[in-house]
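Presented below is the structure to which this report refers.
Indexing begins at 1, ligand by ligand and atom by atom, following the structure's order. Just the heavy atoms: all of them, side chains too, but no hydrogens, waters or symmetry mates, feed the values below.
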Amino acid sequence: MRRLRRTAALRELVAETTLEPRRLVLPAFVREGISEPAPISTMPGVVQHTRDTLRKAAAEAADLGLGGIMLFGIPATKDARGSGAVDPQGILNVAIADVVAEVGDALPVMADLCLDEFTDHGHCGLLTQHGTVDNDATLEVYAEMALVQAAAGVDLVGPSGMMDGQVAAIRAALDGASRQDVAILAYSTKYASAFYGPFREAVDSSLQGDRKTYQQDARNVTEGVREARLDVAEGADLVMVKPALAYLDVLRAVRDAVDVPVAAYNISGEYAMVEAAAANGWIDREPAILETLTSIRRAGADVVLTYWAAEAARLLER
Ligand code: PBG
């Protein structure tokens with residue numbers, strides 16, 4: 001077996017998995033009302049952008065040939081209904097317009113379609129008077145959010161709230177408004193994960209408790225495949241598995257089960273673990289980044305969302 005490992009050129013010849021900038025999507029945070037980017041302590045190297053610095057990051061992502069940018073907004077005020085999400089002047093919606101004005105069609109622009117950044121209780125949907133998440137009332141807000149994001153110019157909406165029927169509701173709303181052109185990147189197979197911890201600081205989450213009544217149980221893989229299939233049937237253009245690293249088996253099963261492109265989200269906790277170990281000198285940072293992203297591709301992801309997208313693209317150019 002060692003004959004084909006003898007030189008770097010031979011190893012290139014027989015490498016089975018590729019990693020290219022076009023496969024990588026950069027998740028980016030934009031915060032209302034700040035004049036300087038705000039570092040996120042749990043995610044060294046990642047910031048909450050101002051509207052201005054977000055535009056620069058998007059322009060850079062386009063120059064690097066990335067596959068897209070996924071936007072998350074952090075509003076100055078939150079309320080029980082997450083009103084900021086459906087306000088055309090809300091931070092996420094103005095940021096979509098800013099980024100589209102900056103990059104045009106050179107970079108696919110995606111936006112998180114979920115209420116958790118906008119609600120004062122931190123849940124992904126509206127609450128009933130008993131405090132449970134109201135699935136169908138939430139769908140109506142998601143439909144409205146999709147239309148506002150579409151009007152702002154988004155290329156793909158990314159529903160991430162794990163409400164049943166969210167893809168169908170969003171597709172119907174978009175089609176009903178003659179926005180058949182807007183695609184859906186569905187967070188289909190999304191687990192209730194401890195590895196989202198750093199993200200919750202990144203979006204100033206006010207969540208008490210957990211999301212276990214709507215996100216999936218870590219023990220289930222068949223159910224994860226079913227979630228992806230349901231979303232394809234409802235009209236998802238791409239499906240996603242999230243988190244990535246602790247769910248590479250699920251990613252492979254989903255890739256084998258559906259006939260649409262599959263994305264995987266290399267989430268905040270996965271990023272933070274590598275950064276923390278590297279900062280301590282325990283692992284070699286750059287090879288660890290590339291190995292992480294390659295592993296996610298090898299497991300079946302066509303597209304990888306990663307906070308290292310820009311840096312990885314630069315490493316790949318070397
Ligand atoms: C929900 C959402 C979350 C992430 C992306 N979209 C958080 C959650 O479900 O609690 C997590 C991303 C990450 O951890 O990097 N809007």
I'd like a table of donor-acceptor pairs (distance under 3.5 Å, sequence neighbours excluded) in which one partner is a side-chain atom from residues 85-95, with atom names and distances.
from  : atom 1 : to    : atom 2 : distance (Å)
Asp87 : OD1    : Gln89 : N      : 2.7
Asn93 : ND2    : Ala85 : O      : 3.2
Asn93 : ND2    : Asp87 : O      : 2.9

> Hey, are Glu201 and Ser41 close enough side-chain-wise for a donor-acceptor pair under 3.5 Å?
Replying inline: yes
>> A cation-pi test, strictly: NZ or CZ of Lys242 under 6.0 Å from the centre of the six-membered ring of Tyr196 and no more than 45 degrees from its axis. Yes or no?
In response: yes
>> Show me, by chain and number, every protein residue that has a heavy-atom distance under 4.0 Å to ligand 1.
In response: Phe72, Asp112, Cys114, Asp116, Glu117, Ser160, Lys190, Tyr196, Phe199, Arg200, Arg211, Gln215, Lys242, Tyr265, Ile267, Ser268, Tyr307
>> Among residues at least two apart in sequence or on other chains, which ones pass salt bridge (Lys or Arg N to Asp or Glu O under 4.0 Å) with Asp256?
In response: Arg252
> Can you find a side-chain donor-acceptor pair between Thr138 and Asp134 that sits under 3.5 Å?
Replying inline: no
>> Applying ring-ring contact (aromatic ring centres under 6.0 Å, His included) as the test, list every pair that has at least one member in residues 51-82; sequence neighbours left out.
In response: Phe29-Phe72, Phe72-Phe199
